[in-house]
Number of protein chains: 2
Amino acid sequence: MKNKEIQEKRIKNYFVEATREILKGEGLQAVSVRNVADRAGYSYATLYNYFKDINELIFVCVSDFQEECKIFVAGKSSKKTKGTERLKASVLAYIHYFVEYPGIFDLFYLAKPTGAGINSAALHLIAKSLDDVCEEDWNYCIRENLIPAENIENLKSQLRFSVTGMLLFYMNRRYPETHDEFLLQVKKQMDTIIKN
Amino acid sequence: MKNKEIQEKRIKNYFVEATREILKGEGLQAVSVRNVADRAGYSYATLYNYFKDINELIFVCVSDFQEECKIFVAGKSSKKTKGTERLKASVLAYIHYFVEYPGIFDLFYLAKPTGAGINSAALHLIAKSLDDVCEEDWNYCIRENLIPAENIENLKSQLRFSVTGMLLFYMNRRYPETHDEFLLQVKKQMDTIIKN
DNA sequence: TAATTATATTTGCAGTGTTAATAATTTTAG
DNA sequence: CTAAAATTATTAACACTGCAAATATAATTA
């Protein structure tokens, strides 16, 4: 009965791949049962044989994008000198990722996790998304005593809420109005939270 | 031709009132053209004689709620001693308002301003929402030299993004899981940003 | 009172998510 | 290798959504 499992997993993945493509390309609002099934090469009702509802399917994509984001960030901050400088570069790259793919921002922070497939694992992944992406940077700062260990958790929280708040305002409320202003604001906030 | 205007304004207000009621009660997801028109006592197509689309109608409610929020906050923080203490109480009351009315949080921070009625005035109002609610508190702190004047704008930004970020995580991502944990986190963040 | 204008409603269309009944396929049993 | 059983995919249908054009009603003006 192992074949059944890997076959099911394969078909599930066709739907997930289709969803990911739509999310990255046209955005969250373009993800619909019919649209996804079309791209996956199945009838729309077939989707319900593999996922409880469209919401479950959408949130299944979170872990893939988180992984992709991690690689994206690592590629952008690897050249920087380790320490608070690279930490800031990682945060900046994290922000860059979501500005580049607004559909993924919508998925991570705006989409409502309703219906049968609440997928609390995905919600947890999102809550720890920035921490996860910056994990190595934080660890280095602790090892090298660049930041007092007892401050780390508080700093992580500050960064998490501040970054998410700025992204929310910029992506969803057109504030600030220009991308340059936005980046300036991000750097200012980062410098306020992460001294040196 | 003044009668025409006040009549039109009256009917517009019937739709706005209905929308506000639904937003506060059942939430943003319950606001639909049919639902609003039903409650307003009109056919749903009539709505389009007074508003470009449902999105415009929704964002028209922002100023009313902002006003209501201001009164809500003032009532909760008026007893506190002026200064940073009352400032923190105001921020806490602001958060309390949106936790009490999730539909209004959805409107302020989650709803997509798409379609014909982008209503950039409403977006600006939202961006300055917390600053507006805390205006008196900030002014008092400046007058009494409780906070260096050159820090004010940066502190406002920090508070704005941090508070919105925390609200977003708590309301939309179930993080933290309990209300007590959430309040503890809010207080911690506030104390970090506003010293004394 | 009749014609004109303004307002409201009905009808219709193209979407959405989801489910039940049906069709096609694959697997199992004889 | 064929017949029955189980699995999987599809069509049809329902109740929604936002929105627009055509139609009906009401109010205003001539």
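Values below: all heavy atoms of this structure, side chains included; hydrogens, waters and symmetry mates excluded. The sequence lines fix the lettering, A, B, ..., with proteins before strands; numbering per chain opens at 1. What you see is a predicted model; the values in this text were computed from it and never measured.
- As a whole-Å value, the separation of B:Asn49 CG from D:dA27 C1' is 15 Å.
- Between A:Arg10 atom CZ and D:dT8 atom P there is a gap of 14 Å when expressed in whole angstrom units.
- Across the protein-nucleic acid pair, B:Glu5 atom CD and C:dA6 atom P stand 14 Å apart, rounded to whole Å.
- Both B:Ile193 and B:Ile152 belong to a single network of hydrophobic side chains, linked directly or stepwise wherever heavy atoms of I, L, V, M, F, W or Y lie under 4.5 Å apart.
- Taking the centre of each ring, B:Phe98 and B:Phe108 come in below the 6.0 Å mark.
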*When every nucleotide of nucleotides 17-24 of chain C is labelled 5' to 3' by its protein contacts under 4.0 Å (heavy atoms), B for base, S for sugar-phosphate only, - for none, what sequence of letters results?*
BBB-----
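- A:Gln66 and A:Asp132 share a donor-acceptor pair across their side chains, judged by distance under 3.5 Å alone.
- B:Phe72 has its ring centre less than 6.0 Å from the ring centre of B:His96.
- Judged by a 6.0 Å distance limit and a 45° cone about the ring axis, B:Lys12 is not positioned over the six-membered ring of B:Tyr50.
- Per the geometry, CD belonging to A:Gln7 stands 16 Å off P belonging to C:dT25, to the nearest Å.
- For the pair A:Leu47 CG and D:dT11 C1', the computed distance is 16 Å after rounding to whole Å.
- The interatomic distance linking B:Phe51 (CZ) with D:dC19 (P) rounds to 13 Å, in whole Å.
- Under a 4.0 Å N-O distance rule, the pair A:Lys24/A:Glu68 qualifies as a salt bridge.
- The interatomic distance linking A:Asp38 (CG) with D:dT10 (C1') rounds to 13 Å, in whole Å.
- Of the candidate nucleotides C:dT7, D:dT10, C:dT9, C:dT7 has the atom lying nearest to any side-chain atom of B:Tyr50.
- Across the interface with DNA chain D, nearest-nucleotide mapping of B:Ala30 and A:Thr46 shows A:Thr46 to be the residue nearer the 5′ end.
- Among the protein residues, A:Leu57 comes within range of no part of the nucleic acid, since none of its heavy atoms lies under 4.0 Å from any strand.
- If you check the side chains of A:Gln158 and A:Ser162, you find no donor sitting under 3.5 Å from an acceptor.
- Rounded to an integer number of Å, the gap from B:Glu26 CD to D:dT17 P is 11 Å.
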